[in-house]
Amino acid sequence: MKKTFRLNKEAWVFICLTIASGLILFNCVNLVPRVDYNFFFSNTDPQFQDENSISRLFKRKDFLLIINAAGPIKSNGYLQKVRDLSTSLLKLKGIIAVKSIAHGPNGLEDAIKGPLWNRLLISKDQESTNIIVFLKGTSSQNLIPNIEKLILKSSGDDFHLIISGPAYILELISRHLLKDIRVFSLLVLVIFGAIIMFIFRSVGILLGSVISCISASMWTLMITHMLGLKIGLLTANLATIVFVLTLSHIVFLTYNWKYVLSQNEHNSPVEEAIHLTISPSFWSMLTTLLGFLSLLSVPAQPLKELGASGVAGALVAITVAYSVYPAFLRCVESSTSKNNVLDRYQQKVEKILEKRKKLTVLGIFSLFILALPGLWMANTDPSLISYFTKNSQLEQNLTYIDHHGGSSPLILIVKTATGEKLDTEQSYQKLWKLQRSLEEYREVGSVISLPVLMAEAKRNILASLLSWEGLLNILQRPQFEGIARSFITDDHTQGLFLLRMNESNRKISRLQVIEEIKKMVYANGFVPEKIGGTYSLQGHLSKLVASSIIFGLGQLILIFSLIAWVISRSIKIALAITVSICVIPVIVLGTIGWLRVPLDIISAPACNIALGLGIDSMIHMVRAYRRQKHQENKDAENWAKIRHRFWQPVLTFTLVMVLGFGIFSFSEFPSTQRFGVAVVFGAIIACMTALFVMPTTAQINIKKS
C-alpha cells in the first residue's frame with residue numbers, strides 16, 4: 001500500500017502526553033532493579049518467618065561477604081596487605097566486623113592451628129586466605145561499590161582478590177538487570193520500529209505504534225510505582241513485555257484495517273477494523289490477564305510481583321492500543337499497490353507449508369512426544385553461580401571460592417532429643433560428633449558451630465581451666481562481642497551451626513541436601529528445630545518455581561479451555577484448542593529439560609508468555625471462523641480460508657515476537673538470555689500450532705454423523 005500521512009489534533013495530544021509521561025517517569029520513579037534477601041519471600045511466608053525467628057534467638061552473623069586473597073600467604077608483605085585492607089573495610093559504614101589473619105588470630109600460623117580460624121579463614125589448598133566481612137542487615141546495595149573500590153585499589157600481581165557471598169551475587173544480578181533495561185529500551189525501539197516500517201511501509205503506522213507502545217510501557221511502570229510494586233528480579237523486563245503486548249493488539253488491528261480497505265465497502269475503515277478486532281483482542285487480553293493473575297497465588301515473592309505488574313500491563317496495553325493507536329491510523333490515507341518483499345516471502349512460505357501441512361502437524365506432535373521425558377529432567381534448582389556466564393572470569397572466581405569452603409550460608413538450629421542443655425561436657429562431645437559428620441558431607445564446604453568456638457577458646461591456658469558452662473558464660477559477655485550468643489540461645493537449649501554450602505557440581509536439589517542433613521542431625525541424637533539462610537531460601541524458592549510451572553500452567557490450560565468454549569460455542573473446537581495449547585509448554589519445557597538448561601526463576605515465566613502467544617492467535621482465528629462458518633458449508637474450506645487470511649498476521653506477529661524477544665540475547669546475563677530464547681522458541685511453536693494443529697484437530701473432531 002502507498003500511504004500518505006498528516007497528523008491530526010488527537011495524535012498531537014497523545015504525542016505531548018507521551019513526552020510529559022516520560023519526564024514524570026524518569027524524575028519520579030526509581031527504575032533501578034531491587035534484588036535482595038527480603039525480595040524472594042513476603043513477610044507472611046513461613047520461610048521468611050523462620051528467618052525472623054532465628055534472628056530473634058541468635059545474634060546473626062551470616063550476612064557476610066567473603067574476600068579471598070591469593071598470594072604468598074607466609075610472607076610479611078602479604079600479612080601487611082591483609083591488615084591494611086581489613087582496617088580500611090572496618091571504616092566503611094554498614095560493616096560491623098571483619099575477620100582475617102590480621103584481625104582475629106595471632107597471625108597465619110595461629111590461624112592454621114586454630115579450630116575456628118582454620119575453618120573460617122584458610123582455604124583448603126592453603127594457597128589463599130579469606131577476609132570475612134560481616135554486614136549490618138541484609139541491604140548492601142550502597143556498600144558493595146565502596147568495597148569494590150577498596151578491592152581494586154588493594155589488588156596486585158601478588159595479591160589477587162576475589163569477592164563472593166550471596167550479598168555480592170545479588171548485587172551483580174541487580175546490575176545486570178539495570179544494564180539490560182538500558183540496552184533493551186534502545187534496541188526495542190530500533191528493532192520494532194524497523195519491523196513495523198518494513199511491514200506496513202507507513203510513517204503514520206510507525207509513529208502510532210511507537211507512541212502507543214512507549215506510552216503503555218511508561219504508564220504501566222507509573223501505575224506499578226503508585227501501587228508500591230518496585231522493579232525487581234522479574235519485573236525488570238516488564239517494560240519490554242508490555243511493549244510486546246501492546247504491539248500484538250496493534251498488529252492484528254492493522255491487518256484487519258488492511259483487510260477492510262481491500263473490501264472497498266466501508267467509509268470508516270478504522271472503526272470497522274476496531275469492530276472486527278476488539279472482541280478477540282479482549283479475549284486475548286483476558287487470557288493474558290488470567291495468566292498473570294495465576295501468579296498472585298504463588299508464594300514466591302518475585303512471581304507475585306510479576307503477576308501484579310503483569311495484570312496492570314495487560315489492561316494498559318489493550319487500553320492504549322484501542323485509544324492511542326487509532327488516532328494515528330486515522331491519519332493514514334491508503335491506496336492499494338503491489339505487495340512488498342515480506343508479503344511475497346510470506347506467501348511463498350504459506351504455499352510450501354500448505355502443501356505439507358499434514359507433515360507439519362505430524363512433526364509438531366512428534367516433537368511433543370519426544371519432549372515428554374524431558375519434563376522430568378528439567379533443572380529447576382540451579383546454583384546461584386549459574387546466573388553468570390559459564391567460564392567467564394567472574395564465574396570462575398565464584399566457583400573457586402565455592403570449592404574452597406563453600407559460598408552459600410545455611411543455618412541449622414538443633415537441640416537434644418531429650419531436651420537437656422548444651423552447656424555440659426557430654427553435650428560438647430555430641431556436638432563435636434555432629435560437627436564432623438557435617439564436615440564429611442560432600443555438599444558442605446565448611447562448618448562453624450559452638451564446639452568449634454569452644455575448642456578455639458580452650459586453646460587459652462586460663463580458659464582451659466574453666467568448666468564448659470563457665471567458659472560459655474564468659475563468651476556471652478559484651479567484652480567478647482557476645483560471640484557465644486551467635487551459636488547458643490540464652491537458655492542454652494538450642495545451638496546454631498553455620499554451614500557454607502557448595503553451590504557448584506550439586507547433583508541433587510537443595511531441599512534434598514537439607515533432608516540428608518536432617519538425617520545426620522537425628523542420627524547424632526539431636527533434633528533440627530529450624531533451618532534458614534540463603535541456601536534454604538533458594539531451595540524453597542526453586543520448589544515454588546517448579547510447582548508454579550506445573551500447577552500454574554495446568555490452571556491456565558483449564559481456564560483457556562473454558563474461554564475457548566465460550567468464544568467458539570463448540571465443545572469440539574474448545575477441545576482442539578486445549579490440545580493445541582498443551583503442545584506448546586510440553587515442547588518448550590521438555591526441550592529445556594533435554595538440553596539441561598537451567599530453569600531459574602527469571603527464565604521460568606517464558607513458558608507462560610509462549611502459551612499466551614499461542615492462545616492469542618487461536619482466539620483471533622476462531623472468532624473469524626465463526627463469521628466465516630455462515631458463508632460456507634465445508635469446515636475444511638472454512639479453515640483453509642481462515643488460515644489464508646490470518647497467515648500474514650500470525651506470521652508477522654510471530655516475527656515481531658522472535659525479533660523482539662531476540663533482543664534478550666544481547667544481555668550479558670545468562671538467565672535473561674535463557675528467558676529470551678525460550679520465548680522465541682515458544683513463539684515459533686505457538687505459530688505453527690495455531691495455524692496447523694488447532695485447525696487440523698478441529699476438523700478431525702468435527703464430523704457429521
Side-chain angles (χ1 to χ4, degrees), residues 21 25 29-31 33-34 39-42 44-45 181 212-250 278-324 544-545 547-549 551-560 562-563 566 581 585 601-602 604-616 619 657 661 675 679:
S21 299
L25 177 70
V29 178
N30 183 8
L31 299 176
R34 175 180 59 87
F39 181 75
F40 293 112
F41 292 90
S42 66
T44 59
D45 291 321
I181 290 174
S212 300
C213 293
I214 290 177
S215 297
S217 297
M218 290 194 300
W219 294 346
T220 300
L221 291 174
M222 293 166 71
I223 290 172
T224 54
H225 174 74
M226 289 187 289
L227 294 174
L229 301 171
K230 297 180 180 179
I231 297 176
L233 196 64
L234 297 181
T235 51
N237 296 322
L238 179 65
T240 303
I241 293 172
V242 174
F243 196 105
V244 172
L245 290 177
T246 309
L247 193 59
S248 68
H249 295 301
I250 289 174
I278 188 66
S279 179
S281 281
F282 169 79
W283 288 108
S284 297
M285 179 277 298
L286 184 61
T287 58
T288 304
L289 190 74
L290 291 171
F292 284 118
L293 280 173
S294 67
L295 297 177
L296 295 178
S297 61
V298 178
Q301 188 66 12
L303 291 173
K304 283 184 178 180
E305 297 271 0
L306 178 62
S309 301
V311 167
L315 293 172
V316 171
I318 192 170
T319 302
V320 171
Y322 285 93
S323 60
V324 177
L544 295 175
V545 170
S547 63
S548 70
I549 292 174
F551 296 108
L553 287 174
Q555 290 175 350
L556 282 181
I557 290 172
L558 288 175
I559 293 171
F560 289 172
L562 178 61
I563 291 174
V566 172
I581 59 178
I601 192 169
I602 295 177
C607 205
N608 296 63
I609 294 176
L611 191 63
L613 299 180
I615 194 69
D616 274 3
I619 287 173
M657 298 302 106
F661 282 99
F675 171 78
V679 174

Undergrad: Can you name the nearest heavy-atom pair linking Ser217 to Ala239, along with the distance?
TA: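 Answer, listing the atom of Ser217 first, then Ala239: OG-O, 2.9 Å.
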Undergrad: Which distance, rounded to the nearest 0.5 Å, do you find between the OG1 of Thr240 and the CZ of Phe675?
TA: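 Between Thr240 OG1 and Phe675 CZ, I get 8.5 Å after rounding to 0.5 Å.
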Undergrad: Evaluate the side chain to side chain contact (heavy atoms under 4.5 Å, CB included) criterion for residues Ser281 and Ile619: first the C-alpha distance (whole Å), next the side-chain angles of each, then the deciding distance (0.1 Å), finally the verdict.
TA: CA-CA 8 Å; Ser281 281; Ile619 287 173; over 6 Å; no
Undergrad: Just list the side-chain donor-acceptor pairs under 3.5 Å for residues 222-229, sequence neighbours left out, or say none.
TA:
residue : atom : partner : partner atom : Å
Thr224  : OG1  : Thr220  : O            : 3.0
Thr224  : OG1  : Leu221  : O            : 2.9

Undergrad: From Leu558 CG over to Ile563 CD1, what is the distance, rounded to the nearest 0.5 angstrom?
TA: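 The distance works out to 11.5 Å.
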Undergrad: Just how far is it from atom CD1 of Ile250 to atom SG of Cys213, taken to the nearest 0.5 Å?
TA: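 So the CD1 of Ile250 and the SG of Cys213 are separated by 4.0 Å.
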Undergrad: For residues Val566 and Trp283, report the shortest heavy-atom separation together with the two atoms involved.
TA: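 Result for this residue pair: CG1-CH2, 3.6 Å.
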Undergrad: Just jot down the side chain to side chain contact (heavy atoms under 4.5 Å, CB included) partners of Ser323, sequence neighbours excluded, or say none.
TA: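 Per chain and number, Ser323 pairs via side chain to side chain contact (heavy atoms under 4.5 Å, CB included) with Thr319.
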Undergrad: Give the minimum heavy-atom separation between Ala321 and His249, together with the two atoms involved.
TA: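 Scanning both residues, the minimum pair turns out to be CB-CB, 3.6 Å.
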Undergrad: Going by side chain to side chain contact (heavy atoms under 4.5 Å, CB included), name the residues that satisfy it together with Ala216, two or more places apart in sequence or in a different chain.
TA: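 Val242, Thr246, Val316, Val320.
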Undergrad: Supply the atom-to-atom distance Leu289 CG to Leu245 CG, rounded to the nearest 0.5 angstrom.
TA: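 So the gap between those two atoms works out to 10.5 Å.
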Undergrad: Starting at CZ of Phe243, measure out to CE of Met218 and round the result to the nearest 0.5 Å.
TA: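 Answer for the CZ-CE pair, Phe243 versus Met218, is 11.0 Å.
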